[in-house]
Amino acid sequence: MSRVFVTGAAGYIGRHVVNQLLELGHEVIASDMNFNGVDERAQRCSIPIFSGAVDIYQQLGKPDVVIHMAWRNGFVHNAPTHMEDLSNHVVFCRNLIEGGLPSLSVMGSMHEVGYWEGAIDENTPCNPLSQYGVAKNALRQSLLLLANNSSCALHWLRAYYITGDDLRGSSIFGKIAAAAAEGKKEFPFTTGKNLYDFIDVDDLAQMIAKASLQDKVTGIINVCTGKPMSLAERVEKFIQEHGFDIKLKYGAFPDRPYDSPGVWGDTQKIRQIMSNSND
């Protein structure tokens, strides 16, 4: 059993990761601004993680693993807070690593990569096209350098498009669910032709938990299915699954210039991790 400290524990993904870790039999310490929806079995921690304290690792009780998912305005890609908060994330993670933390996992994003066509692997060049992507990319580069000079196992968990628990999220799925609940019959949409890598949040949480609890496979790890599906197909499936009486108004919005016609994650590393965890 490991002691796992989870930041952003009440977030869209965080609550599912906390639950998954508990189901796997581990001790979980949850950290967030509030604990709404966090599994009652998890311990609560209200110590401010961005205080800049050099001894933050000791303050947190020297956990075996830290999974760092706390991030403001993750769904608002050009919010100024992404770059404003960047140094707080770097200082927090650096002090954990230099304080003696054995294993650190940090949430990444496909938006670090920017425009790309095809599969993304750990060697894919990054040219982010949003403030969110720029900040995540800079954090990853900084942490990989820090980890190279330490004994800390670093997992950079790069996520793609997430579905499930949709009313709590701010994705296209959450917006459609909200529109359907309001009785709207039409939803303005793009062409929907772009291909993306979709994963259910519970499957994602399982990958995050199992990747974080091992140290054989480290570095950039894509947490995804590796199976591209068109946005239109996935959204139409979502509407059908939930029995919503709403239709997509295709072409009402232009496709974003930084969205690729087709992008998905290479799953070689996560498949290895999941296979080893089942042995």
Side-chain angles (χ1 to χ4, degrees), residues 6-21 65-77 79 82 89 93 104-116 118-122 124 126 128-141 143-144 154-166 168-174 194-213 217-229 231 234 258-260 262-274:
V6 180
T7 77
Y12 173 58
I13 304 171
R15 287 172 297 103
H16 296 268
V17 172
V18 167
N19 183 261
Q20 183 64 41
L21 290 164
V65 177
V66 170
I67 303 178
H68 182 41
M69 291 183 289
W71 195 277
R72 279 203 294 169
N73 297 324
F75 289 106
V76 187
H77 286 177
H82 299 307
H89 292 279
C93 293
L104 173 63
S105 290
V106 182
M107 284 308 300
S109 167
M110 62 168 289
H111 294 291
E112 302 155 45
V113 175
Y115 190 89
W116 186 258
I120 292 172
D121 63 22
E122 60 190 312
T124 300
C126 293
L129 297 170
S130 67
Q131 296 295 334
Y132 174 67
V134 169
K136 283 284 187 181
N137 190 52
L139 179 60
R140 175 181 52 78
Q141 290 175 315
L143 295 185
L144 287 171
L154 176 67
H155 313 90
W156 184 265
L157 305 176
R158 185 176 277 160
Y160 290 71
Y161 284 87
I162 307 160
T163 63
D165 205 359
D166 300 291
R168 289 181 182 266
S170 298
S171 69
I172 183 73
F173 302 98
N194 299 42
L195 299 173
Y196 296 121
D197 194 325
F198 297 99
I199 189 169
D200 183 83
V201 68
D202 285 320
D203 294 334
L204 174 64
Q206 187 178 57
M207 289 181 183
I208 290 169
K210 291 189 174 180
S212 302
L213 292 164
V217 181
T218 58
I220 301 168
I221 301 166
N222 290 315
V223 279
C224 60
T225 67
K227 298 171 183 172
M229 178 185 283
L231 182 59
R234 186 63 190 87
Y258 58 87
D259 282 340
S260 163
V263 66
W264 56 94
D266 180 288
T267 58
Q268 182 178 346
K269 289 174 102 172
I270 194 62
R271 279 190 284 110
Q272 182 183 344
I273 289 166
M274 299 304 281

Inter-residue atom distance [X].[atom1] - [Y].[atom2], 0.5 Å rounding:
| X | Y | atom1 | atom2 | result |
| --- | --- | --- | --- | --- |
| L139 | C93 | CG | SG | 5.5 Å |
| M274 | D203 | CE | CG | 8.0 Å |
| Q206 | Q20 | CD | CD | 5.0 Å |
| K269 | I273 | NZ | CD1 | 7.5 Å |

Contact summary for [X] and [Y], nearest pair of heavy atoms:
| X | Y | value |
| --- | --- | --- |
| C126 | N137 | CB-OD1, 3.4 Å |
| F173 | I162 | CD1-O, 4.2 Å |
| D121 | T124 | N-OG1, 2.9 Å |
| V18 | A9 | CG2-CB, 3.8 Å |
| A211 | L157 | CB-CD2, 3.9 Å |

For this session: State whether the number of non-hydrogen atoms from other residues, nucleotides or ligands found under 6.0 Å of Q141 atom CD is greater than 12.
Result: yes

Seminar exercise, completed: Tested for side chain to side chain contact (heavy atoms under 4.5 Å, CB included) against V106, the lone hit among H68, H155, R158 is H68

For this session: Have a look at R234 and tell me which of L195, T163, I172 forms a side chain to side chain contact (heavy atoms under 4.5 Å, CB included) with it.
Result: T163

Could you give the side-chain donor-acceptor pairs of residues 220-227 under 3.5 Å, partners two or more places apart or in another chain?
{"from": "N222", "atom 1": "OD1", "to": "Y160", "atom 2": "OH", "distance (Å)": "2.7"}
{"from": "N222", "atom 1": "ND2", "to": "I120", "atom 2": "O", "distance (Å)": "2.9"}
{"from": "N222", "atom 1": "ND2", "to": "D266", "atom 2": "O", "distance (Å)": "3.0"}
{"from": "T225", "atom 1": "OG1", "to": "D197", "atom 2": "OD1", "distance (Å)": "2.7"}
{"from": "T225", "atom 1": "OG1", "to": "K227", "atom 2": "N", "distance (Å)": "3.1"}

Counting only N and O atoms by type, is there a donor-acceptor contact under 3.5 Å from the side chain of [X] to the main-chain atoms of [Y]?
| X | Y | result |
| --- | --- | --- |
| H82 | V76 | yes |
| E112 | S109 | yes |
| S130 | G133 | yes |
| K136 | M110 | no |

Problem set entry | Contact check, side chains of H16 and I208, non-hydrogen atoms, under 4.5 Å | no

For this session: Answer whether the closest heavy-atom distance between the side chains of L213 and L21 falls below 4.5 Å.
Result: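 Yes. Closest side-chain heavy atoms under 4.5 Å.
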
For this session: Output all residues satisfying salt bridge (Lys or Arg N to Asp or Glu O under 4.0 Å) with K210, sequence neighbours left out; order by chain, then residue number.
Result: none

Problem set entry | Set of residues satisfying salt bridge (Lys or Arg N to Asp or Glu O under 4.0 Å) with respect to R271, sequence neighbours excluded | none

Exercise. Between W71 and Y132, how do the two ring planes meet: parallel, tilted or perpendicular, split at 30° and 60°?
Worked result: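 Correct class here is perpendicular.
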
For this session: Applying side chain to side chain contact (heavy atoms under 4.5 Å, CB included), run through R15 and N19 and close with a yes or a no.
Result: CA-CA 6 Å; R15 287 172 297 103; N19 183 261; over 6 Å; no

